[in-house]
Amino acid sequence: MAHRPHRGPGAHRPALPPARKSLGQHFLRDGKVLDKIAASLDLTGKETVIEIGPGRGALTDRLAERAGRLIAIELDRALIPVLHARYAGRGNVMIAEGDVLSFDLAALAQGPYRLAGNVPYYITTPILFHALKAPRPERAVFLVQREVAERMAAAPDTDAYGALSVNLQALASAETVMIVKPAAFEPPPKVDSAVVRVVPRAQPLVSPEEELPFSKFVQACFAQRRKQLARTLRSVATLEADASRALLESIDIDPTARGETLSPERFVELFRAIVAARG
Ligand code: SAM
């Protein structure tokens, strides 16, 4: 009798394309990390989840099991048939092809949603702020470089505290849930990573109209992070020395303090005082 090759479930799957470093492709292979990311989303089985960069589907599998509906956005065209084949039998999974930054995530979700992603490191910061555009996700869990996670959650007057910390914390809280070593990935990246949970504030510290000018102001302040605030404001807010000191004193900020000592709340106060002073 002729031998018929066994056609198991994997037999129809397209071959995996090689990992593309230019797209930040470091695929997770550690089940504990994958479980931790999925668990940190606190899913009940009803939620809509958007995944950024499903890659070969390692995290997607976990999310598809726990989400009501999963929308996975992948830029690498070569991975799209792989993902379609992998989730052909899963009615709750939709694959969207393209750059995550070009999608209106809330419109794609058509309602409340949660966000997850082992995100490509080359565009981590743009992705974080894209994800924090209103209407914001209920929560987001990202796998990012450890150093970025530290900056996201940093407290004032620490080395990691900077413009990213202030601008993110004005809109959300960030908390590191787990440190991840390079061996958890294939191919391994050169640096440690971390799982971070981001929960948008019910009341953001800045309004949608303030977001952009505030973030530029904060960036300009941190470009001179070692300078005393009175000096910083002379260039950043084009104030005379006396006016700069008076403005800081009017809101109880020591003019000799450095910007990196101000909390996000104090940065917002300062920003608003400058806007008010300018009329
Ligand atoms: N989630 C998979 C995992 O954990 O194994 C893959 C993670 S890998 C670090 C990042 C993924 O994001 C890759 O699949 C990459 O092709 C995809 N990607 C890169 N840039 C992207 C972009 N601008 N928009 C959407 N996906 C992107």
Side-chain angles (χ1 to χ4, degrees), residues 13-41 43 49-67 70-87 90 93-109 113-133 137 140-149 152 177-198:
R13 289 184 174 175
L16 290 175
R20 289 174 67 184
K21 281 203 173 156
S22 63
L23 289 182
Q25 290 182 354
H26 297 281
F27 299 109
L28 264 172
R29 57 175 194 174
D30 184 326
K32 282 198 195 117
V33 179
L34 291 161
D35 286 338
K36 190 74 180 173
I37 297 174
S40 301
L41 277 178
L43 299 170
V49 175
I50 295 183
E51 185 191 358
I52 300 169
R56 296 172 178 171
L59 177 60
T60 321
D61 285 352
R62 259 70 169 187
L63 298 175
E65 278 165 17
R66 301 178 195 221
L70 175 65
I71 304 165
I73 305 173
E74 176 54 59
L75 177 63
D76 186 353
R77 179 164 287 184
L79 285 170
I80 298 296
V82 174
L83 291 162
H84 277 306
R86 191 168 177 123
Y87 300 106
R90 286 244 184 208
V93 179
M94 182 189 127
I95 308 298
E97 180 182 346
D99 177 355
V100 62
L101 299 179
S102 70
F103 283 90
D104 177 335
L105 299 178
L108 189 64
Y113 71 103
R114 297 180 184 201
L115 191 60
N118 166 14
V119 296
Y121 293 167
Y122 74 105
I123 46 165
T124 301
T125 308
I127 288 177
L128 291 179
F129 287 99
H130 185 62
L132 285 172
K133 281 187 193 145
V141 179
F142 299 110
L143 184 54
V144 299
Q145 282 184 46
R146 179 180 186 164
E147 177 242 327
V148 176
M152 290 166 73
V177 202
M178 183 186 206
I179 302 297
V180 183
K181 292 289 176 190
F185 301 86
E186 180 53 45
K190 292 201 172 70
V191 292
D192 283 354
S193 304
V195 178
V196 198
R197 180 169 31 207
V198 175

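Note that the numbering runs from 1 along the sequence shown for the chain. Each ligand, and each atom within it, is numbered from 1 in the order the structure gives.
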Answer with side chain, backbone, both or neither: which part of Ile123 has a heavy atom less than 4.0 angstrom from an atom of ligand 1?
side chain
Against heavy atoms of Ile73, which atoms of ligand 1 measure under 4.0 Å?
25 (C), 26 (N)
Region of Arg20 that comes within reach of ligand 1 [heavy atoms, distance under 4.0 Å]
neither
Would you check whether Leu101 reaches within less than 4.0 Å of ligand 1, judged by its heavy atoms?
no
Taking all atoms of both residues into account, what is the closest heavy-atom pair of Pro187 and Ala19, and its distance?
CD-CB, 3.9 Å
Report the member of Gly53, Ser22, Pro189 with the shortest heavy-atom distance to atom 6 (C) of ligand 1.
Gly53
Donor-acceptor pair, side chain of Arg56 and main chain of Pro17, under 3.5 angstrom
yes
Options Asn118, Val144, Leu28, ranked by nearest heavy atom to atom 7 (C) of ligand 1, top entry:
Asn118
Close approach, Arg29 and ligand 1, non-hydrogen under 4.0 angstrom:
no
Looking only at protein heavy atoms, what sits closest to atom 16 (O) of ligand 1 is Glu74 OE2, 2.6 Å
To atom 2 (C) of ligand 1, the nearest of Gly57, Ala58, Pro54 on a heavy-atom basis is Pro54
Show the atoms of ligand 1 that are less than 4.0 angstrom away from any heavy atom in Gly24.
8 (S), 9 (C), 10 (C)
Closest approach of any protein heavy atom to atom 18 (N) of ligand 1, naming residue and atom
Pro120 CG, 3.8 Å
Would you kindly specify which portion of Tyr122 sits under 4.0 Å from ligand 1, judged on non-hydrogen atoms: side chain, backbone, both or neither?
side chain
Have Gln145 and Ser193 got a donor and an acceptor in their side chains that come within less than 3.5 Å?
no
Please confirm whether Gly98 comes under 4.0 Å of ligand 1, counting heavy atoms of the residue only.
yes
What atoms of ligand 1 come closer than 4.0 angstrom to any heavy atom of His26?
7 (C), 8 (S), 9 (C)
For atom 26 (N) of ligand 1, the protein heavy atom that lies nearest, with its residue and separation:
Leu75 N, 3.4 Å
Among all protein heavy atoms, pick the one closest to atom 13 (C) of ligand 1 and tell me residue, atom and distance.
Gln25 CG, 3.6 Å
Atom indices of ligand 1, in the order listed, that fall short of 4.0 Å to a heavy atom of Glu51:
1 (N)
I'd like to know if the side chain of Arg29 and the backbone of Ala183 have a donor-acceptor N/O pair within less than 3.5 Å.
yes
